[in-house]
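Just so it is clear, the structure is predicted and the values come from calculations on it, not from any experiment.
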Amino acid sequence: MEKRLYVGNLPFDTSEDDLHQLISAHGQIVSAKLITDMETGRSRGFGFVELSTEEEAQAAIEKMNKAKVGDRELTVNEARPRPERSGGSRGGYGGGRGGFGGGRGGNGGSGYGRPNRY
């Protein structure tokens, strides 16, 4: 059964190929995904690697967790399941309303205490 690993504290100049090569010494890689910033395209310093067996994943964790890459000490562990998102809202900021926060204290948003009249 395939096992997904979190690989964190990567140098910011790490590529997806580098991530693949780093872990492939410890097992057969099913997939490797470096997480990048959506605006700049730059690495965010972590990624996920899926190995073909649980034994390979455990070997990679034992060998690579706290291993030095450049001047950084890697964090390698079993990836936690992705939390389920509620429908309609990106990231949970507006509870389905699409924004940060709610209304303006019940005064209709006018700032003068007048009620909304629609």
Do [X] and [Y] make a side-chain contact, defined as non-hydrogen atoms from C-beta onward lying under 4.5 Å apart?
X: Leu10; Y: Leu34; result: yes
X: Lys33; Y: Glu16; result: yes
X: Lys3; Y: Glu78; result: yes

* Spell out, yes or no, whether Val7 and Ile35 are grouped together once hydrophobic residues are joined by side-chain heavy atoms under 4.5 Å, including indirect joins. => no
* Do Val69 and Leu5 sit in the same hydrophobic cluster, where Ile, Leu, Val, Met, Phe, Trp and Tyr count as joined when their side-chain heavy atoms come under 4.5 Å apart? -> yes
Residue pair [X] / [Y]: nearest heavy atoms and the distance that separates them:
X: Ala57; Y: Leu51; answer: CA-CD1, 3.7 Å
X: Gln28; Y: Glu56; answer: N-OE1, 3.3 Å
X: Gly8; Y: Phe46; answer: CA-CB, 3.9 Å
X: Val76; Y: Asn65; answer: N-OD1, 2.9 Å
X: Pro11; Y: Ser43; answer: O-OG, 4.4 Å

* Asked: Can you list every pair that meets side chain to side chain donor-acceptor pair (under 3.5 Å) and has a residue in residues 67-77, with sequence neighbours left out?
  -> Asn9-Arg72
* Structure fact -> Rounding to 0.5 Å, atoms OG1 (Thr14) and NE2 (His20) come to a distance of 15.0 Å
* Structure fact -> Value for CD1 (Ile23) from CD1 (Ile29), rounded to nearest 0.5 Å, stands at 6.5 Å
* Could you list the residues that satisfy side-chain hydrogen bond (donor to acceptor under 3.5 Å, both in side chains) with Thr36, not counting sequence neighbours? => none
* Asked: Which residues pass the side-chain hydrogen bond (donor to acceptor under 3.5 Å, both in side chains) test with Asp37, sequence neighbours left out?
  -> Thr40
* **Leu74 vs Leu22, side-chain contact (heavy atoms from CB on, under 4.5 Å): CA-CA, chis, key distance, verdict** => CA-CA 11 Å; Leu74 296 181; Leu22 192 65; 3.7 Å; yes
